[in-house]
Amino acid sequence: MRDLPPRAGHTFPGRETPLIDREPDGSARPHTPGTPTFMRAGGRNLLGSEPELLRRCQLSSTSSLESPLSPSQSKSPWSRFDPYDSIEDQDKEYVGFATLPNQVHRKSVKKGFAFTLMVAGESGLGKSTLINSLFLTDLYKDRKMLNAEERITQTVEMTKHTIGIEEKGVKLKLTIVDTPGFGDAVNNTESWRSVVDYIDQQFEQYFRDESGLNRKNIQDNRVHCCLYFISPYGHGLRPVDVEFMKALHEKVNIVPVLAKADCLTPRELTRKKIKIREEIETFGIKIYQFPECDSDEDEEFRLQEQELKDSIPFAVVGSNILVESKGRRFRGRMYPWGVVEVENPAHSDFLKLRNMLVRTHMQDLKDVTRETHYENYRAQCIQDMTRMVVRERKRRSISWVFSGLNLNCMKLSLNIETHPELYHCSDTSI
Ligand code: GDP
């Protein structure tokens with residue numbers, strides 16, 4: 001059996017430090033088996049010496065018998081998130097489990113979050129610019145730009161950039177997977193293959209780790225979302241777009257974006273969006289579906305969700321420079337005829353996309369990856385493995401039958417040699 005790592009508050013057979021029970025006066029006596037022992041890690045006992053603590057415990061237990069304290073009356077570690085922290089709760093008695101979500105919150109914040117985003121689409125559509133604008137970073141400092149000749153012969157390769165971002169004490173490990181070379185060759189048939197392989201490899205790695213011994217520290221590199229960039233210059237989807245999305249839609253959450261939306265007039269933009277949505281439907285492409293609203297959800301939330309659905313494909317504008325106009329500084333693109341503001345909802349869906357990815361649906365994207373895409377991969381793997389085992393068993397049982405037959409033949413020939421009279425036929429002997 002594998003050893004479980006020791007944790008504060010638990011001891012494991014063969015690993016115990018000698019146990020001592022303390023008398024209320026502070027003197028020690030050997031531990032009596034059967035007495036529950038709760039140990040805290042040394043460094044965490046910040047409240048005082050044990051006799052002192054025991055004295056405090058006795059005091060508090062006496063007082064709690066006299067007047068039961070509700071969690072709302074005790075000093076709360078949850079400060080402004082305390083669910084019992086309201087005037088009307090002061091006189092009520094509670095068990096305290098409404099703080100469970102807070103416990104989960106604290107634990108997750110301590111652990112930090114990880115998110116893997118893939119960007120795909122032909123080069124020059126503004127993928128790097130958009131990623132830098134979305135996460136206010138410069139992820140592509142060392143990017144090598146290829147010339148036309150190199151691009152024609154280049155195969156699709158996968159690159160990965162990871163950065164740690166922290167905001168208000170919450171840490172996010174963000175991984176961006178890029179697909180340089182996708183759609184750049186003269187013949188783009190099956191240019192989605194490397195992307196599919198990459199996604200499968202991450203699933204496979206996770207499946208191995210999950211079935212291995214050290215499951216506690218699994219590195220999750222599964223791709224949670226793929227932003228697929230559609231060119232603003234075509235008439236809707238191109239064959240390569242359809243092929244790519246169809247090859248990937250069962251493996252990753254695809255969010256289509258209409259690149260460089262500032263190249264289109266509002267009318268062109270609306271038409272293009274409608275056309276792309278129709279084509280997605282016609283070709284049976286399953287893009288990421290926003291979860292249905294619960295019946296108890298308020299109207300504002302419903303409207304917001306509907307607006308998100310209607311925005312598909314998100315028409316985006318990216319920029320890594322701050323421009324100044326009318327006394328304001330903002331991320332934007334300056335043209336002779338005016339300024340495009342990246343974060344202005346009248347100019348692009350950039351904010352909607354960022355809010356969706358980060359503020360409202362990041363967890364859902366991860367859940368769908370885990371519960372649907374990875375689960376499908378896992379089920380397929382297990383099915384394949386079972387089939388292989390059955391085939392192997394059949395093969396072995398057939399070879400056992402043959403080896404059994406061989407053995408019988410050998411016995412038979414031995415018998416013939418030793419007792420030829422037994423095998424005598426009427427006219428011919430064997
Ligand atoms: P990538 O190859 O897809 O990563 O594209 P880049 O981010 O390198 O952008 C290619 C070119 O398009 C650069 O000159 C960018 O400044 C420009 N660009 C990026 N985003 C936009 C946009 O939203 N609108 C317009 N008009 N140009 C953009």
Side-chain angles (χ1 to χ4, degrees), residues 117-163 174-185 188 191-192 194-195 198 225-234 237-238 240-241 244-245 254-266 268-270 272-273 276 311-323 325 330-354 357:
L117 179 67
M118 177 183 268
V119 282
E122 79 183 63
S123 67
L125 282 184
K127 299 185 293 297
S128 342
T129 312
L130 188 81
I131 291 299
N132 287 341
S133 323
L134 279 174
F135 298 102
L136 306 176
T137 156
D138 187 5
L139 268 176
Y140 294 85
K141 279 186 285 249
D142 319 317
R143 187 162 66 141
K144 185 179 163 248
M145 301 301 285
L146 301 179
N147 61 33
E149 197 185 348
E150 286 167 325
R151 288 221 313 266
I152 289 169
T153 49
Q154 194 206 10
T155 49
V156 182
E157 61 175 54
M158 311 297 298
T159 59
K160 202 168 115 174
H161 303 263
T162 300
I163 46 158
L174 175 72
T175 305
I176 303 291
V177 180
D178 204 345
T179 55
F182 173 78
D184 286 353
N188 287 306
S191 58
W192 42 265
S194 332
V195 187
Y198 180 87
C225 177
C226 170
L227 289 185
Y228 187 76
F229 284 65
I230 300 165
S231 167
Y233 310 119
L237 295 178
R238 294 166 311 156
V240 67
D241 301 331
F244 178 92
M245 290 197 266
I254 297 178
V255 174
V257 297
L258 187 51
K260 299 189 176 180
D262 54 328
C263 300
L264 301 164
T265 65
E268 285 169 340
L269 190 75
T270 313
K272 200 147 280 184
K273 276 191 172 198
I276 291 171
S311 302
I312 292 286
F314 293 103
V316 291
V317 176
S319 167
N320 292 327
I321 44 169
L322 290 172
V323 294
S325 168
F330 48 83
R331 269 179 191 255
R333 307 187 68 83
M334 197 176 269
Y335 295 108
W337 52 90
V339 179
V340 180
E341 293 176 43
V342 167
E343 296 192 16
N344 185 339
H347 296 184
S348 90
D349 296 329
F350 175 89
L351 265 192
K352 271 187 208 145
L353 175 68
R354 180 154 78 189
L357 275 182

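Each residue takes its place number in the sequence, starting with 1. When a ligand or atom number is given, it counts from 1 through the structure's own listing order.
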Open item on the list: Test your reading of the structure: does Leu125 have an N or O sitting under 3.5 Å from an N or O of ligand 1?
Closed with: yes

Open item on the list: Between Thr265 and Glu268 (side chain of the first, backbone of the second, donor and acceptor by atom type, cut-off under 3.5 Å), is there such a pair?
Closed with: yes

- [ ] Examine ligand 1 and decide if any of its atoms is less than 4.0 Å from a heavy atom belonging to Phe350.
- [x] no

Open item on the list: Suppose we screen for salt bridge (charged side-chain N to carboxylate O under 4.0 Å, His left out). Which residues come up paired with Lys273, at least two apart in sequence or across chains?
Closed with: Asp349

TODO: Please could you name the atoms of ligand 1 that Lys127 approaches to less than 4.0 Å, counting only its heavy atoms?
DONE: 1 (P), 3 (O), 4 (O), 5 (O), 7 (O)

- [ ] Give a yes or no on whether the backbone of Gly126 and the side-chain of Lys260 come within a donor-acceptor separation of less than 3.5 Å.
- [x] no

- [ ] Measure from atom 20 (N) of ligand 1 to every heavy atom in Ser133, Ser319, Gly318 and give the option owning the shortest one.
- [x] Gly318

TODO: Check ligand 1 against Gly126 and write out every atom of the ligand that is under 4.0 Å from a heavy-atom position of the residue.
DONE: 1 (P), 3 (O), 5 (O), 6 (P), 7 (O), 9 (O), 19 (C), 20 (N)

Task: Polar side-chain atom of Ser319 near backbone of Arg331 as donor-acceptor pair, under 3.5 Å - done: no

Open item on the list: So if I count the atoms of ligand 1 from 1 in the order they appear, which ones are less than 4.0 Å from some heavy atom of Ser123?
Closed with: 2 (O)

- [ ] Give a yes or no answer on whether the side chain of Lys352 reaches the backbone of Pro345 with a donor-acceptor pair at less than 3.5 Å.
- [x] no

TODO: Under 4.0 Å, heavy atoms only, figure out whether ligand 1 is touched by the backbone of Val317, its side chain, both or neither.
DONE: both

TODO: Considering only NZ, NE, NH1 and NH2 on the basic side and carboxylate oxygens on the acidic side, decide whether Lys127 and Asp178 come within less than 4.0 Å.
DONE: no

